[in-house]
Amino acid sequence: MSTDDVYIRYGQGVLTLDCIFKDEIIFGGSLFQSIMQAVFKALNINKLSNDFKKRLLNAASVNNFTKTSAEIDVNDPDNEISQAIIELRG
């Protein structure tokens, strides 16, 4: 279980994830991939299929970030990504 904090908001077809990480993001290779791996860990959604993670990655954009936080917007007009995340987080 992650000790990171994730705040989830949904509106107008966009899922916003505000993440505050306990540890700094480890940047290596792709900046976007590094941030999203930290977001996946914070969300505790390791159970998601690779296809779903790919769909999430394709719909996501990073609004801003620091070494210990990130704000991610996910284009989710059909609400499917939001529902899956909420169900998996319990």
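This chain uses plain numbering: 1 for the first residue, then up along the sequence.
For Ser34, there are no side chain to side chain donor-acceptor pair (under 3.5 Å) partners at least two apart in sequence or on another chain. Residues that satisfy the side chain to side chain contact (heavy atoms under 4.5 Å, CB included) test with Asp78, not counting sequence neighbours, are Arg55, Asp76, Glu80. Listed by chain and number, the residues in a side chain to side chain contact (heavy atoms under 4.5 Å, CB included) with Val62 are Phe32, Ile35, Phe65, Ile72 (sequence neighbours excluded). Every residue was checked against the side chain to side chain donor-acceptor pair (under 3.5 Å) condition with Thr68, not counting sequence neighbours, and none meets it.
Taking hydrophobic clusters as Ile, Leu, Val, Met, Phe, Trp and Tyr residues chained together by side-chain heavy-atom distances below 4.5 Å, Val39 shares a cluster with Tyr10. By the rule that hydrophobic residues join a cluster once side-chain heavy atoms approach within less than 4.5 Å of another member, Val6 and Val14 end up as members of separate clusters.
Considering every non-hydrogen atom in both Ala42 and Phe21, the closest pair reads CB-CE2, 3.9 Å. Of all heavy-atom pairs spanning Ser69 and Ile25, the tightest one is O-CD1, 4.3 Å.
Annotation: the span from Ser30 atom OG to Gln37 atom CD amounts to 10.0 Å, rounded to 0.5 Å. Taken from CG in Asn75 to CD1 in Ile81, the straight-line distance is 8.0 Å, to the nearest 0.5 Å.
In this structure, Leu57 and Phe40 have side chains that are in contact, with non-hydrogen atoms separated by less than 4.5 Å.
Taking Ile, Leu, Val, Met, Phe, Trp and Tyr as members and joining any whose side-chain heavy atoms lie under 4.5 Å apart, directly or through other members, the hydrophobic cluster of Tyr7 also contains Ile20.
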Exercise. Please assess Ile8 against Leu17 for the test side chain to side chain contact (heavy atoms under 4.5 Å, CB included), listing each intermediate value before the final yes or no.
Key: CA-CA 5 Å; Ile8 300 172; Leu17 305 170; 3.7 Å; yes

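Sorted by first and then second residue, the salt bridge (Lys or Arg N to Asp or Glu O under 4.0 Å) pairs involving residues 14-37 (not counting sequence neighbours) are Arg9-Asp18.
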